[in-house]
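Here the structure comes first, spelled out in structure tokens, and everything after it is commentary.
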Amino acid sequence: MTDAAIEPPACVSKFSYEGCQIMLSMPTVQAQMHKPRAWQMLERTPSVAQPISSEKQARSPATRSGCENAPNLPWATKVELVEIYLENVHDRPHSIFHPATLRSNLRSGAVGGALLCAICAIGSKFSTNLDHRSLESRLTSEAKRLLQADLENVCLENIQASILVATLSSGNYPASSEALFVRIATSMAEILKLDSSFSSSGTITQLETARRVWWSLYTADRWCFSGLGLPHRIEDLDGSCELPMDEATFRSLSPEQKTLDVPWKPGIWAHLVTLVRLSNPIQDLNRRVARGNADTAELDQDFAGLEQKLECWREMLPADMQFTIQNLHGYQHNGLGGPFISLHLAYHHSSTLLYFRFLEDKQNPQSNYCSYVARCKHHASSFSSLLQLSRQLEGCVSNCPTIGHMTTVSSSVLLHTMLFGDLEELPRARRELSANFEALVELQQCWPATSALVTTTLTIIWSDN
């Protein structure tokens, strides 16, 4: 869904926006003509933000007088980068905005400096305009500076900004700072009680946005901290926070709407949350296997329970959420092809991890072990095929750092097939391994931290030649 073209606020002339007007009061910086044009776009000019009030929220960063400066962009550039972010990233690694409300806030000058810088920094990664792409480093640094200067202001917007800065950190260097900003966002969310009583009298879009921010943090808490071996902060599902609604319905709501005029149904992110719930137990199981001191019978029992839950998750998906080409085209038509594919990539990744330990037990006399190896290979192959398909369909790419990690796991299984598999398995495994490498190279262009994964996969390919 795309709103009508965004125009500058009525209270400010279009000329002032084209002259790099932005929301926050800031000193004038003398133009330096020797700078590249992209750097000139970030020069600063005075401006004053309009106040925003929201029940049960701390002051938004855009409302405070004398607040920190933010870099300026021409109006058209801001609009373009926000739209690129919404099209390429939002609803994949996180779902933290109501798109129509974000566009409305951008028009009215109600988006704070840190948040706007973070959105535009991510958007610049995917821009085809080289001048805009060169803005990323400066925008990222400014987003961090503004956010760090305003950490004591506990509000929803600073939580959103922290999530975006964490996303930038996960794909850039140092990637470990992702955990820091996720922790900051989680602490703010707990203070505001986003999981239960936040803005209970707000509009539907306000309530659903807060709910989606909470579940985005829940997902980041599982994926980010599990990978670092850190304990998660957010407790498991306890029913205190409703799951996200259907994305198409959410996007169709007006920012001021108070009631839902269609039946509620769970969306893509609701099913992703229930899938992510299984990620930590699967990771813990694999760690116990790696340590080598766990009882095999106990491991098998825990494995059987997780296998049953994962299969139950798949079977409980409604018909319109099952992966079929028809469903994919439907979600693609509604601008949700990327999130839909991301959901099923996550499923195949979780399944690959669950069966991963059996790759070393192929010679085990138990017949079911052989079937587990086959299932591991199936899910690794399905992940690769789906990833390749997503890159061929417009609006369906899932381009975020987490996909890089998942792709490497799939590649390791494909390598195992090439080294120890049957002859008839080798051609397909080689094709899929090469496709994974191509996907990682594309990821590296936007997320430099995935370069290590590219090197690993390239080494895998070369070692087999």
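Just so it is clear, the values below take in all heavy atoms, side chains as well, and ignore hydrogens, waters and symmetry mates.
In this structure, the side chain of Gln332 engages the main chain of Glu394 through a donor-acceptor pair within 3.5 Å. Formation of a donor-acceptor pair under 3.5 Å by the Ser412 side chain with backbone atoms of Val409 is found in this model. For the pair Ser141 (side chain) and Arg138 (backbone), a donor-acceptor distance under 3.5 Å is absent. Checking side-chain atoms of Thr324 against main-chain N and O of Asn327 turns up a donor-acceptor pair under 3.5 Å. Here the side chain of Thr167 pairs a donor or acceptor atom with the backbone of Ile163 at under 3.5 angstrom. Looking only at distances, a side-chain donor or acceptor of Trp269 sits under 3.5 Å from a matching main-chain atom of Asp91. Of the possible polar contacts, none joining the Asp422 side chain to the Glu424 backbone as a donor-acceptor pair under 3.5 Å is found. Judged by distance alone, the side chain of Trp215 and the main-chain N or O of Glu242 form a donor-acceptor pair under 3.5 Å. Distance alone, capped at 3.5 Å, places no donor-acceptor pair between the Glu178 side chain and the Cys224 backbone. At least one donor-acceptor pair under 3.5 Å links the side chain of Arg212 to the backbone N or O of Met245.
Annotation for His416 and Leu359: closest pair NE2-O, 3.3 Å, computed over non-hydrogen atoms. Smallest separation of non-hydrogen atoms from Cys241 and Arg211: SG-CG, 3.6 Å. Scanning all heavy atoms of the two residues, the minimum distance from Ser390 to Ile341 falls at CB-CD1, 3.5 Å. Leu217 and Val182 get closest at one heavy-atom pair: CD2-O, 4.2 Å. Nearest heavy atoms, Thr450 versus Leu443: OG1-C, 3.7 Å. Contact between Tyr369 and Thr296 at its shortest, heavy atoms only, is OH-CG2, 4.3 Å.
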- [ ] Give the intermediate values and the outcome of side-chain contact (heavy atoms from CB on, under 4.5 Å) for residues Ser95 and Phe250.
- [x] CA-CA 11 Å; Ser95 181; Phe250 179 53; 5.6 Å; no
TODO: Report the C-alpha distance between Asn399 and Asn88 in whole Å, list the side-chain angles of each, state the deciding distance to 0.1 Å, and finish with yes or no for side-chain contact (heavy atoms from CB on, under 4.5 Å).
DONE: CA-CA 7 Å; Asn399 195 328; Asn88 290 276; 5.9 Å; no
TODO: Take Ile403 and Leu345 through the side-chain contact (heavy atoms from CB on, under 4.5 Å) test and state the conclusion after the steps.
DONE: CA-CA 8 Å; Ile403 295 298; Leu345 286 174; 4.0 Å; yes
TODO: Would you check, one step at a time, whether the test side-chain contact (heavy atoms from CB on, under 4.5 Å) holds for Thr219 with His94?
DONE: CA-CA 8 Å; Thr219 301; His94 54 252; over 6 Å; no
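Between Leu433 and Thr417, every side-chain heavy-atom pair lies at or beyond the 4.5 Å cut-off. Leu243 places none of its side-chain heavy atoms less than 4.5 Å from the side chain of Pro266. No side-chain heavy atom of Leu102 sits less than 4.5 Å from a side-chain heavy atom of His90. Considering only heavy atoms from C-beta on, Phe126 stays 4.5 Å or farther from Val397 through its side chain. The side-chain heavy atoms of Ile234 and Trp214, taken from C-beta on, include a pair separated by under 4.5 Å. Looking at Ile282 and Leu306, their side chains come closer than 4.5 Å, going by heavy atoms from C-beta outward. Contact annotation: the side chain of Tyr331 approaches that of Met321 to within less than 4.5 Å [non-hydrogen atoms, C-beta and beyond]. Proximity of Leu299 to Arg357: side-chain heavy atoms (C-beta onward) are separated by under 4.5 Å at one or more points.
Residue pairs meeting the side chain to side chain donor-acceptor pair (under 3.5 Å) criterion with at least one member in residues 343-352, sequence neighbours excluded, are His348-His379.
Expressed to the nearest 0.5 Å, how far CG of Leu115 lies from CG of Leu146 amounts to 11.0 Å. Here OG1 of Thr209 is found 7.0 Å from NE2 of His98. Values are rounded to the nearest 0.5 Å. Within the model, atoms CG of Leu310 and OG of Ser279 stand 11.0 Å from one another, a figure rounded to the nearest 0.5 Å. For the atom pair CZ (Arg251) and CG (Asn334), the distance works out to 8.5 Å, reported to the nearest 0.5 Å. Atom-to-atom distance recorded for Asp150:CG and Asn158:CG is 4.5 Å, nearest 0.5 angstrom. Rounded to the nearest 0.5 Å, atoms CD (Glu425) and OG (Ser381) are 10.0 Å apart.
Arg428 is linked by a salt bridge (charged side-chain N to carboxylate O under 4.0 Å, His left out) to Glu432, counting only residues two or more places apart in sequence or in another chain. Shown here are the side-chain hydrogen bond (donor to acceptor under 3.5 Å, both in side chains) partners of Asn286, two or more places apart in sequence or in another chain: there are none. Among residues two or more places apart in sequence or in another chain, the side chain to side chain contact (heavy atoms under 4.5 Å, CB included) test is passed with Arg133 by Ser127, Leu130. Under the salt bridge (charged side-chain N to carboxylate O under 4.0 Å, His left out) criterion, Glu80 pairs with no residue, sequence neighbours left out. Scanning for side-chain hydrogen bond (donor to acceptor under 3.5 Å, both in side chains) contacts around Ser410 gives Asn436, with sequence neighbours left out. Remark: Ser162 pairs with Leu147, Ile184, Ala185 by the side chain to side chain contact (heavy atoms under 4.5 Å, CB included) rule, at least two apart or across chains. In this structure Glu298 satisfies the salt bridge (charged side-chain N to carboxylate O under 4.0 Å, His left out) test together with Arg288, sequence neighbours excluded. Residues satisfying the salt bridge (charged side-chain N to carboxylate O under 4.0 Å, His left out) test with Glu136, not counting sequence neighbours, are Lys125. A search for side chain to side chain contact (heavy atoms under 4.5 Å, CB included) contacts involving Glu307 returns Phe303, Leu354, Tyr355, Tyr372, Arg375, not counting sequence neighbours. Listed by chain and number, the residues in a side chain to side chain contact (heavy atoms under 4.5 Å, CB included) with Ser342 are Arg92, Ser398 (sequence neighbours excluded). Residues that satisfy the side-chain hydrogen bond (donor to acceptor under 3.5 Å, both in side chains) test with Gln257, not counting sequence neighbours, are absent from this structure.
More than 12 heavy-atom neighbours from other residues, nucleotides or ligands sit within 6.0 angstrom of CD on Gln392. Open room surrounds CD on Glu152; 12 or fewer heavy atoms of other groups in view lie less than 6.0 Å from it.
Between Phe323 and Phe340, the ring planes are parallel. Angles under 30° get that label, and only those over 60° would be called perpendicular.
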